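Here the structure comes first, spelled out in structure tokens, and everything after it is commentary.
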Amino acid sequence: MSGISRRGLIAATAGTLALPGLAAAQTQMAIATGTTGGVYYPLGGALANYLSRGIPGMSATAEVTGGSVANFQLLGAGRVGMVFGQVDAAVDGLRGAGPFRGRAVAARAIAVLYTNRMQVVTTAASGIRTMADLRGKRVSTGAPGSATELFAFRVIAAAGLDRERDFRARERLSPAESTNAIRDGKLDAYFFVSGVPTSAITDLAATPGTQIVLVDHADLHQRIVAENGPVYFPEVIPANTYPGQARDNQQLSVANILAVREDMPVEMVTNILRVTWENREDWARVHAEARNFTLAAQKTAAAGIPWHPAAEAFWRAAGATLA
């Protein structure tokens, strides 16, 4: 996985102009997305197509990754040009905190996308109905390097559970792997933060003889915010968002952003946003969450990290207040 062409420096990734004599057709950019069972990957694949068609000489590709934490680490290392990511991971990266300790990432927001919902997924057969019921169970807290893992650890701690001692087993699986493990009787519950609906949970819910349960945890909001700052907020996943989901799920959410390095050239950021904004209606047909990519969503507080100057100028010119 690389954000840098073998034939020269890539402006979109390294923040410098291409070497003299390189044709525009040699410009390549890797977009870090997430696992194939989530929302980032299909949106990233479509975005790569829009950019490749809409920016002369651009060749963009969507890369499968572990998720937000891995994405910002890749961005900091200059291995990708743009990332999908959760605001909590972006803030930790900018501060050099948590998994980014000693390796701060000079990331800048270019767009606020949609809300990621923390989904604590289990089945009626497991007997799990509350966070406390997870004690002694087999759980997955998300793939290594994912924002699911980062967020899950915070929810678990706020619920008064110890992630190392209070579970019969704790796995680090992708959502698709977690769904298969529940089907095979090897797992009782898993955490996954994503847009809704997401294919891995839909697949579990559609399994014959399976009744899914989404565990409420919105009551942990104040405890989590007090410890980690105001990047999380309570929301509801309405009943029947997934097949057989019998009731509303009271859960916690975090915003998603598109981010680049602070040194990405102004013209490149402007072109990326122009093409993305022009294709927003088609993007919403790729996944329903892209309908939430709106002018009203472009808020400085929601972005979590500073705007890239070109993005701030773009959104103000488009009519966003950013306040």
Side-chain angles (χ1 to χ4, degrees), residues 32-42 44 63-74 83-93 97-100 115-123 126 128 131 134-135 137-159 161-184 186-205 212-215 217 220 224 228 231-232 237 242 249 251-256 289:
T33 63
T35 62
T36 56
V39 177
Y40 287 173
Y41 184 67
E63 303 287 351
V64 176
T65 71
S68 293
V69 172
N71 291 355
F72 283 104
Q73 290 170 335
L74 291 166
V83 302
F84 286 75
Q86 284 185 191
V87 167
D88 51 358
V91 170
D92 277 5
F100 303 94
T115 294
N116 254 10
R117 318 294 189 94
M118 173 51 80
Q119 297 156 94
V120 184
V121 185
T122 186
T123 65
S126 73
I128 298 168
M131 288 295 298
L134 291 172
R135 185 175 276 105
K137 301 295 187 179
R138 301 164 300 174
V139 307
S140 171
T141 50
S146 68
T148 290
E149 187 173 67
L150 178 71
F151 197 170
F153 287 170
R154 292 173 177 180
V155 172
I156 288 166
L161 297 170
D162 186 300
R163 68 180 191 245
E164 303 300 337
R165 296 196 296 266
D166 283 341
F167 302 126
R168 177 178 161 193
R170 182 174 69 81
E171 307 293 344
R172 303 175 75 193
L173 306 176
S174 73
E177 292 170 332
S178 295
T179 283
N180 289 334
I182 285 184
R183 284 175 174 155
D184 294 341
K186 298 177 180 178
L187 198 69
D188 300 307
Y190 68 90
F191 291 75
F192 185 39
V193 60
S194 73
V196 296
T198 191
S199 61
I201 301 175
T202 298
D203 288 349
L204 178 62
I212 71 160
V213 172
L214 299 180
V215 180
H217 55 274
L220 304 176
I224 291 180
N228 302 287
V231 296
Y232 304 110
I237 299 176
Y242 295 103
N249 177 220
Q251 46 74 226
L252 294 175
S253 296
V254 63
N256 291 294
E289 285 289 10

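In this text, all values refer to a predicted model and were calculated from it rather than measured experimentally. Values reported hereafter were calculated over all heavy atoms of this structure, with side chains retained and with hydrogens, waters and symmetry mates removed.
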Q | From CA spacing to verdict: side-chain contact (heavy atoms from CB on, under 4.5 Å), Tyr232, Arg154 | A | CA-CA 11 Å; Tyr232 304 110; Arg154 292 173 177 180; 2.8 Å; yes
Q. What residues, two or more places apart in sequence or in another chain, satisfy side chain to side chain contact (heavy atoms under 4.5 Å, CB included) together with Thr35?
A. Ser174, Pro175
Q | Set of side chain to side chain contact (heavy atoms under 4.5 Å, CB included) partners for Ser178, sequence neighbours left out | A | Ser140, Leu173, Leu187, Tyr190
List the atom of [X], the atom of [Y], and the distance in Å for their closest heavy-atom pair.
X      : Y      : result
Pro197 : Val39  : O-CG2, 4.4 Å
Thr122 : Ala189 : CB-CB, 3.9 Å
Met118 : Val155 : CG-CG2, 4.4 Å
Ile224 : Ala158 : CG1-CB, 3.4 Å
Ala205 : Ile212 : CA-CG2, 3.4 Å
Ala143 : Ser146 : O-OG, 2.6 Å

Q. Can you find a heavy atom in the side chain of Leu204 that is under 4.5 Å from one in the side chain of Arg183?
A. yes
Q. Does any non-hydrogen side-chain atom of Val83 lie less than 4.5 Å from one of Leu74?
A. no
Any donor and acceptor pair, going by atom type alone, linking the side chain of [X] with main-chain N or O of [Y] inside 3.5 Å?
X      : Y      : value
Asn116 : Ala255 : no
Thr198 : Ile201 : no
Thr141 : Arg172 : no
Gln73  : Phe100 : no
Gln119 : Arg117 : yes
Asn249 : Leu214 : yes
Thr179 : Ala176 : no
Asp188 : Ile182 : no

Q) How many angstroms lie between atom CE of Met131 and atom CG of Leu134, to the nearest 0.5 angstrom? A) 5.0 Å
Q.
Quick check for you: to the nearest 0.5 Å, what is the distance between Asp166 atom CG and Leu161 atom CG?
A. 5.5 Å
Q: Show the numbers, then the answer: is there a side-chain contact (heavy atoms from CB on, under 4.5 Å) between Asp92 and Phe72?
A: CA-CA 10 Å; Asp92 277 5; Phe72 283 104; over 6 Å; no
Q: Could you give me the CA-CA distance, side-chain angles and deciding distance for Phe191 and His217, then say whether side-chain contact (heavy atoms from CB on, under 4.5 Å) is met?
A: CA-CA 12 Å; Phe191 291 75; His217 55 274; over 6 Å; no
Q) Parallel, tilted or perpendicular: which fits the ring planes of Tyr40 and Phe84, with parallel below 30° and perpendicular above 60°? A) tilted
Q) Do Asn228 and Asp88 pass the side-chain contact (heavy atoms from CB on, under 4.5 Å) test, and can you show the C-alpha distance, the side-chain angles, and the key distance before you say yes or no? A) CA-CA 9 Å; Asn228 302 287; Asp88 51 358; over 6 Å; no
Q | Tyr41, OH: over 12 other non-hydrogen atoms inside 6.0 angstrom | A | no
